[in-house]
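Below is one structure, written out as structure tokens; comments come after it.
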Amino acid sequence: MKKSKFLTAVFSAALLISAASSLTASDFRGQSLNGTTGLIATPTAHTGWDKSERGIDIGIHYISEDDGYRIPKVTLQLIKNLEIGAAYDMQPQDDSDDLILHGKFKFSATDTHLAIGGNYQKLKLHDESFTNQQAYLAATYRGSFIGMPAETTIVFGKTFGDNTEDSDLDFSMGFDVNFLPKVFNGYIHWISDFANYSYSRIPGGADYSYRGCLNTGFRLAVLKGSKFKLNVDVFLLDALEDNRSFASGISFGMPL
């Protein structure tokens, strides 16, 4: 029953996002919850600085679950199309802070962008410590959603390590919509993703268990048009479930 509901939700999300057509979205890059350039839990096929050789992004997200999760992060691009970074997931309610290291390489820049990436998670739950590793392939392409310029991302991957099942696969899809561009002039984007994994194997708020997880919200590009980035995020995590929670964040980026 749970698998049937999950497949139905995936199919419905696919129909929703497949409305993409030929309009062009403006370049818009932000950090996901674990620091990877992406949406909320979903990495995109972009790096943080597609048009620059080098750059840095520094940010923090707050998740309003239990006593609150705080996730400071940094992402570096030192070689064009390659980014690396780290996030520190502070979980004060059970003294189980986690470290997430991530990397991504973009190897296509045609109409459909492609990237391979992964992360290493050093996790702690109460008195138990363990590690997980995720590898993925991401594809991002441009289109439109209800007449608004958009980018759609699809991710396939696999999580390895402790407390994982050999036959489980990772899947997510999401979109970045230039929200009402005639009104907001590209400063506000509607960010959403649906995934059967989260930013971490022990996430706050974005609980992917059983039915998958729908996350949605808005990203404000305060310095749009500048060589610097200043993004403000407001998200609803696991929006379709009773245990939904809110997340907010801010990140700053500059070329090097």
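- Trp190 and Ile188 end up in the same hydrophobic cluster when Ile, Leu, Val, Met, Phe, Trp and Tyr side chains are linked at under 4.5 Å.
- Residues Asn119 and Tyr199 form no side-chain contact, since every pair of their non-hydrogen atoms from C-beta on lies 4.5 Å or further apart.
- With hydrogens and angles left out, the side-chain atoms of Asp97 and Gln91 include no donor and acceptor closer than 3.5 Å.
- Within the model, atoms CG of Asn34 and CG of Asp98 stand 11.5 Å from one another, a figure rounded to the nearest 0.5 Å.
- Annotation: Phe218 is in aromatic contact with Phe179 [ring centroid separation under 6.0 Å].
- Phe175 has its ring centre less than 6.0 Å from the ring centre of Phe145.
- Here the closest non-hydrogen pair linking Ile71 and Leu33 is CG2-O, 3.5 Å.
- You'll find the side chain of Ile202 reaches within 4.5 Å of the side chain of Phe130, heavy atoms only.
- Remark: the Lys73 side chain and the His61 side chain contain an N/O donor-acceptor pair separated by less than 3.5 Å.
- Around atom CZ of Phe246, no more than 12 heavy atoms belonging to other residues, nucleotides or ligands sit under 6.0 Å away.
- Of all the heavy atoms in Pro181 and Pro149, the pair that sits closest is CG-CD, 3.9 Å.
- When hydrophobic clusters are built by joining Ile, Leu, Val, Met, Phe, Trp and Tyr residues whose side-chain heavy atoms come closer than 4.5 Å, directly or via intermediates, Phe252 is grouped together with Leu220.
- Cation-pi contact between Lys122 and Tyr120: absent, since separation from the ring centre below 6.0 Å together with deviation from the ring axis within 45° is not met.
- Heavy-atom minimum distance, Ile100 versus Ser200: CD1-CB, 3.9 Å.
- Of all the heavy atoms in Asp176 and Leu39, the pair that sits closest is CB-CD2, 4.0 Å.
- Counting only residues at least two apart or on different chains, the side chain to side chain donor-acceptor pair (under 3.5 Å) pairs with a member in residues 161-172 are Thr42-Ser172, Gln134-Asp170, Thr159-Asp170, Ser172-Tyr197.
- Ser192 places none of its side-chain heavy atoms less than 4.5 Å from the side chain of Asn215.
- By the rule that hydrophobic residues join a cluster once side-chain heavy atoms approach within less than 4.5 Å of another member, Val234 and Tyr187 end up as members of separate clusters.
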Dump the intermediate steps for side chain to side chain contact (heavy atoms under 4.5 Å, CB included) on Leu180 and Met148, then the final yes or no. CA-CA 7 Å; Leu180 299 177; Met148 295 179 289; 4.1 Å; yes
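- Looking only at atom types and distance, the side chain of Trp49 has no donor-acceptor partner in the side chain of Thr47 under 3.5 Å away.
- Between Arg142 and Glu151, at least one side-chain N (NZ, or NE/NH1/NH2) sits under 4.0 Å from a carboxylate O, which counts as a salt bridge.
- Taking the side chain as every heavy atom from C-beta outward, Thr216 and Phe235 never approach each other to under 4.5 Å.
- Summarising the geometry of Leu237 relative to Ala247, their closest heavy-atom pair is CD1-CB, 3.8 Å, with the distance given to 0.1 Å.
- Atom-to-atom distance recorded for Tyr69:OH and Ile63:CD1 is 8.0 Å, nearest 0.5 angstrom.
- Hydrophobic clustering of Ile, Leu, Val, Met, Phe, Trp and Tyr side chains at less than 4.5 Å, counting indirect connections, keeps Ile40 apart from Leu236.
- Looking at residues two or more places apart in sequence or on another chain, you find a salt bridge (charged side-chain N to carboxylate O under 4.0 Å, His left out) between Asp233 and Arg219.
- The main-chain N or O of Leu223 is never found under 3.5 Å from a side-chain atom of Asn231 such that the two would form a donor-acceptor pair.
- Put simply, the residue from Gln133, Arg201, His102 that forms a side chain to side chain contact (heavy atoms under 4.5 Å, CB included) with Gln121 is Arg201.
- Counting only heavy atoms from C-beta outward, the side chains of Thr36 and Thr75 never approach each other to under 4.5 Å.
- Under 3.5 Å, the side chains of Thr140 and Thr153 contain a donor-acceptor pair of N or O atoms.
- Within the structure, the salt bridge (charged side-chain N to carboxylate O under 4.0 Å, His left out) test picks out the following pairs touching residues 237-256 (sequence neighbours left out): Arg211-Glu241.
- Atoms CE and CD1, from Met254 and Ile58 in turn, are 9.0 Å apart once rounded to the nearest 0.5 Å.
- Put simply, the side chain of Gln77 does not reach to within 4.5 Å of the side chain of Ile56, judged on heavy atoms.
- Not one N or O on the side chain of Ser251 forms a donor-acceptor pair closer than 3.5 Å with the backbone of Gly59.
- Every residue meeting the salt bridge (charged side-chain N to carboxylate O under 4.0 Å, His left out) condition with Asp57, not counting sequence neighbours, appears here in chain and number order: Lys229.
- Contact of the Cys213 side chain with the Phe194 side chain is not registered, since no non-hydrogen atoms from C-beta on lie closer than 4.5 Å.
- Panel note: side chain Asn132, backbone Phe160; a donor-acceptor pair is recorded below 3.5 Å.
- Hydrophobic clustering places Leu101 together with Met90 (ILVMFWY residues linked when any side-chain heavy atoms are closer than 4.5 Å, directly or through intermediates).
- Counting heavy-atom neighbours within 6.0 Å of Ile79 CD1, excluding the residue itself, gives a total of 12 or less.
- Take Phe105 and apply the side-chain contact (heavy atoms from CB on, under 4.5 Å) test, not counting sequence neighbours, and it matches Asn81, Leu82, Phe107, Ile116.
- Checked against ring pair (Phe, Tyr, Trp, His ring centres under 6.0 Å), Phe156 has the following partners two or more places apart in sequence or in another chain: Phe171.
- Looking at every heavy atom in both residues, Ala138 comes nearest to Val155 through CB-CG2, 3.8 Å.
- The backbone N or O of His46 lies less than 3.5 Å from a partner atom in the side chain of Lys104, making a donor-acceptor pair.
- At distances below 3.5 Å, not a single donor-acceptor pair connects side-chain atoms of Lys106 with backbone N or O atoms of Glu83.
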